[in-house]
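Report on the structure given below.
Just so it is clear: chains get the letters A, B, ... in the order the sequence lines come, proteins before strands, and each one is counted from 1. Excluded from the calculations below are hydrogen atoms, water molecules and symmetry mates; all remaining heavy atoms, backbone and side chain alike, are included. Everything numeric in this text was worked out from a predicted model, so none of it was measured.
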Amino acid sequence: MSNANKNGFVSENGLFLVTAVVDRSKADSISDLMQMSGSNFQFTCRGRGTYGDDSVRADKTVLFAVIKEEKKDALMHQLDDRFRKLKRSAGAAWAVPFTSVIGVTVFGFLADTDFEESPFGNAGKQQTKEDRS
Amino acid sequence: MSQTANKELIICVVDAGFSDTVMEAARAAGARGGTLMSAHGTATAHSEKRFGITVHPEKDLLMILVDEADRDPILKAIYRAAGTGTDANGIVFSLPVSDTAGLSR
């Protein structure tokens, strides 16, 4: 994803929305995995599987996480490994690319990137959490 | 490595209580399963009047992951069974998926 403004500033921080559907009992561990992988923003929803009738449909948690493109592959690898290690009712996950974000602060938060200067009008140095530590 | 076979995410929003209608149509067209969430729909009064649609707020939202090759038949099947103009009053669309994890081979 590139956001070219009138001054030609282009962000290389592509963002992806990673969605994971897991049994409710596994939700916390998957959420922790997403956070440790570098996702700065997540939200969860309650869901249900569609297999069988109402009496047997499994309670699910649907987790949505925003993550930078450069960290997305590592997260998907880890999710794949984790799901294969779960004995029963593993889970599934997928990634969908963002096409646009409105707001520098919002974008910085979602991309976990501090802009020392405004990216619009100046070639601002991007600072990450690692730089600040 | 996570699977990168061409997948699409079908999202279907229907009036509450019609998720079974959607899933029956989707399965008949080749879908394996989906995830159901409850949702609350909104629409402007202007849009409702203009398109002659009444938006009932309580919704069922279904996410169905499918192979790209199966997308169109499944979309059509869902639309015929549960689209606008039916009792389910649903909308259905698809998004491209770049990566997947945890799907059985």
Side-chain angles (χ1 to χ4, degrees), chain A residues 1 14-24 26-27 30 33-34 37 43-54 56-65 67 69 71-86 88-99, chain B residues 1-14 16-40 58-68 71 74 77-78 81-82 92-105:
Chain A
M1 176 180 81
L15 295 175
F16 279 77
L17 180 70
V18 174
T19 306
V21 180
V22 298
D23 282 348
R24 202 156 289 171
K26 306 290 187 294
I30 298 298
L33 176 63
M34 287 174 160
S37 297
F43 59 96
T44 61
C45 303
R46 294 175 67 174
R48 296 194 79 185
T50 57
Y51 178 75
D53 60 29
D54 275 345
V56 300
R57 287 179 178 174
D59 287 335
K60 301 285 186 182
T61 295
V62 183
L63 300 103
F64 296 93
I67 196 161
E69 183 173 8
K71 296 183 179 178
K72 179 257 300 178
D73 285 347
L75 172 58
M76 295 304 291
H77 269 294
Q78 291 182 64
L79 286 170
D80 198 48
D81 285 345
R82 183 69 64 88
F83 291 149
R84 293 187 190 288
K85 286 174 184 169
L86 292 173
R88 289 191 297 174
S89 309
W94 56 86
V96 177
F98 274 56
T99 55
Chain B
M1 181 65 189
S2 57
Q3 300 94 329
T4 55
N6 295 331
K7 297 283 188 187
E8 297 258 337
L9 177 68
I10 291 177
I11 294 180
C12 181
V13 183
V14 292
F18 286 94
S19 59
D20 285 341
T21 304
V22 174
M23 286 313 304
E24 282 169 11
R27 284 205 181 92
R32 290 170 58 183
T35 301
L36 168 66
M37 295 189 289
S38 295
H40 187 90
E58 299 309 313
K59 300 288 186 189
D60 284 344
L61 187 152
L62 288 129
M63 296 190 295
I64 306 168
L65 202 59
V66 302
D67 290 334
E68 187 180 12
R71 179 198 63 198
I74 294 173
I78 292 173
V92 58
F93 56 92
S94 66
L95 298 171
V97 170
S98 61
D99 302 79
T100 60
L103 302 181
S104 57
R105 301 187 191 284

Distance (rounded to the nearest 0.5 Å) between B/L36 CG and A/K60 NZ: 12.0 Å
Atom group of B/L62 that falls short of 4.5 Å from chain A, counting heavy atoms: side chain
Region of A/V62 in contact with chain B, defined by heavy-atom distances below 4.5 Å: side chain
Heavy-atom pair with the smallest gap, counting every atom of B/P96 and A/P97: O-CD, 4.0 Å
Closest non-hydrogen atom pair between A/R46 and B/M37, with its separation: O-CG, 3.5 Å
Straight-line distance of A/K72 NZ to B/D99 CG, nearest 0.5 Å: 3.5 Å
Interface moiety of B/L61 toward chain A, non-hydrogen atoms closer than 4.5 Å: neither
Interatomic spacing from OG in B/S98 to CD in A/E69 - rounded to 0.5 Å: 8.5 Å
Validation row: A/W94, B/M63 side chains within 4.5 angstrom (heavy atoms): yes
Point-to-point distance, once rounded to the nearest 0.5 Å, from OG1 of A/T50 to CD of B/E24: 11.0 Å
Spatial distance of atom CG (B/L103) from atom CG (A/D80) [nearest 0.5 Å]: 8.0 Å
